[in-house]
Amino acid sequence: MSDHGHHTCSCCAEPRSGPPMSYGAPAPVAWKDRYAWRRDSELTADQCMIKGKHFFVHGLVEIPVLDSDEVFSWGVWVSLSEPNFARTHDLWEDPAREQEPPYFGWLSTELPVYAESTLNLKTHVRTRAVGRRPLIELEPTEHPLAVEQREGITLARVQELAGLLLGG
């Protein structure tokens with residue numbers, strides 16, 4: 001069994017104690033490596049376009065950790081309508097973007113730790129300050145991910161997720 005007492009932070013490469021507090025997907029589930037060669041498709045760390053028809057933004061599903069002052073985050077991709085994607089793109093560096101109403105989107109990342117698929121869960125994408133990923137709020141359903149976002153999780157659940165995701 002591996003030790004989840006220490007890990008290297010994927011954002012800053014600094015050693016950290018305790019289990020990782022975030023995990024992420026590098027691309028939406030629909031992205032294929034061959035699309036990188038298409039002129040109508042692009043994948044960056046924050047945004048994705050596939051065949052000029054499908055548009056995605058990278059955001060965070062934040063989950064309160066009840067017995068800690070930290071927040072657990074899933075880095076996920078959410079599909080947006082073309083007008084909302086264009087607006088997000090246009091406002092990317094604009095401080096006024098925080099005034100935007102939330103955009104509707106479909107979760108486009110499969111989180112394999114949940115028995116039920118996380119694909120196509122309904123979400124609201126909340127734009128935050130320049131330099132911060134959007135906050136992804138799930139519609140309040142009974143899906144375990146939505147329940148965890150609403151009710152929070154414990155550090156024991158964070159440890160359990162580390163075991164599942166890091167092969168412990």
Side-chain angles (χ1 to χ4, degrees), residues 7-31 36 41-50 54-114 118-141 143-155 157-158 161-162 165-166:
H7 69 281
T8 301
C9 178
S10 60
C11 293
C12 65
E14 292 291 320
R16 303 275 182 188
S17 62
M21 295 302 282
S22 65
Y23 299 91
V29 76
W31 178 261
S41 300
E42 183 181 18
L43 173 65
T44 70
D46 300 303
Q47 299 175 8
C48 180
M49 176 176 70
I50 298 176
H54 306 283
F55 307 93
F56 306 88
V57 67
H58 195 186
L60 297 174
V61 173
E62 294 184 347
I63 299 175
V65 180
L66 301 172
D67 46 355
S68 166
D69 55 3
E70 293 193 70
V71 172
F72 181 86
S73 299
W74 289 113
V76 298
W77 292 86
V78 175
S79 68
L80 293 178
S81 68
E82 186 170 4
N84 285 346
F85 180 81
R87 185 138 176 89
T88 298
H89 187 77
D90 291 346
L91 294 174
W92 199 253
E93 298 293 332
D94 185 341
R97 74 185 204 165
E98 291 179 68
Q99 311 312 313
E100 283 295 286
Y103 303 128
F104 176 79
W106 298 98
L107 193 62
S108 301
T109 298
E110 184 68 83
L111 299 174
V113 298
Y114 297 100
T118 54
L119 287 180
N120 298 319
L121 290 176
K122 293 178 180 178
T123 70
H124 292 100
V125 178
R126 292 195 181 274
T127 305
R128 299 196 279 192
V130 171
R132 292 192 69 200
R133 292 206 187 284
L135 178 65
I136 309 302
E137 295 178 336
L138 278 79
E139 288 212 344
T141 65
H143 188 284
L145 177 60
V147 171
E148 286 185 345
Q149 186 176 43
R150 204 165 51 241
E151 298 179 0
I153 60 176
T154 62
L155 278 172
R157 173 66 172 153
V158 174
L161 291 170
L165 291 161
L166 302 175

Requested in this report: Would you please test L91 and E100 for side-chain contact (heavy atoms from CB on, under 4.5 Å) and show each step?
Outcome: CA-CA 9 Å; L91 294 174; E100 283 295 286; 3.5 Å; yes
Report task. Please lay out, stage by stage, how F72 and L155 fare under the test side-chain contact (heavy atoms from CB on, under 4.5 Å). Result -> CA-CA 9 Å; F72 181 86; L155 278 172; over 6 Å; no
Report task. Give the C-alpha distance, both sets of side-chain angles, the deciding distance and a yes or no for side-chain contact (heavy atoms from CB on, under 4.5 Å) between V78 and Y103. Result -> CA-CA 10 Å; V78 175; Y103 303 128; over 6 Å; no
Report task. Could you please spell out the steps behind the side-chain contact (heavy atoms from CB on, under 4.5 Å) verdict for F56 and V29? Result -> CA-CA 10 Å; F56 306 88; V29 76; over 6 Å; no
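Between atom CG of residue L60 and atom CD of residue E137 there is a gap of 12.0 Å, rounded to the nearest 0.5 Å. If you take OG1 on T44 and CD on E42, they are separated by 6.0 Å, rounding to the nearest 0.5 Å. Here the straight-line distance linking atom OG of S41 with atom CD1 of I50 works out to 6.5 Å at 0.5 Å rounding. A distance of 5.0 Å separates CG of L138 from CG of L145, quoted to the nearest 0.5 Å. Summarising the geometry, atom CG belonging to L80 is positioned 13.5 Å from atom NE2 belonging to H54; distances are rounded to the nearest 0.5 Å. Atom CZ in R132 sits 8.5 Å away from atom CD in E98 (nearest 0.5 Å).
Closest non-hydrogen pair, T141 versus A146, comes out as OG1-CB, 3.6 Å. Annotation for W31 and M49: closest pair CZ3-O, 3.8 Å, computed over non-hydrogen atoms. In this structure, L43 and A27 approach most closely via the heavy-atom pair CD2-CB, 3.7 Å. Taking every heavy atom of both residues into account, V130 and W92 meet most closely at CG2-O, 3.8 Å.
Under the 4.5 Å side-chain criterion, counting only non-hydrogen atoms from C-beta, P20 is not in contact with L161. With a 4.5 Å cut-off on side-chain heavy atoms, V113 and L165 count as touching. Side-chain contact between E148 and Y114: present, with at least one pair of heavy atoms (C-beta onward) separated by less than 4.5 Å. Side-chain contact between L111 and W74: present, with at least one pair of heavy atoms (C-beta onward) separated by less than 4.5 Å. For the pair T109 and T118, the minimum side-chain heavy-atom distance is 4.5 Å or more.
Without hydrogens or angle criteria, T123 side chain to G105 main chain gives a donor-acceptor distance under 3.5 Å.
For the ring-ring contact (aromatic ring centres under 6.0 Å, His included) with F55, the lone residue among W106, W77, F85 that qualifies is F85. Of the residues listed (D67, I63, V65), the one engaging V158 in a side chain to side chain contact (heavy atoms under 4.5 Å, CB included) is V65, and it is the only one. Checked against E62 for a salt bridge (charged side-chain N to carboxylate O under 4.0 Å, His left out), the options R133, R128, R126 give a single hit: R128. Test I136, T88, L135 against V125 for side chain to side chain contact (heavy atoms under 4.5 Å, CB included) and you get one pass: I136.
Residues H89 and Q47 have side chains that bring a donor and an acceptor to within less than 3.5 angstrom of each other.
Counting heavy atoms of neighbouring residues, nucleotides and ligands inside a 6.0 Å radius, atom CZ of R97 exceeds 12 of them.
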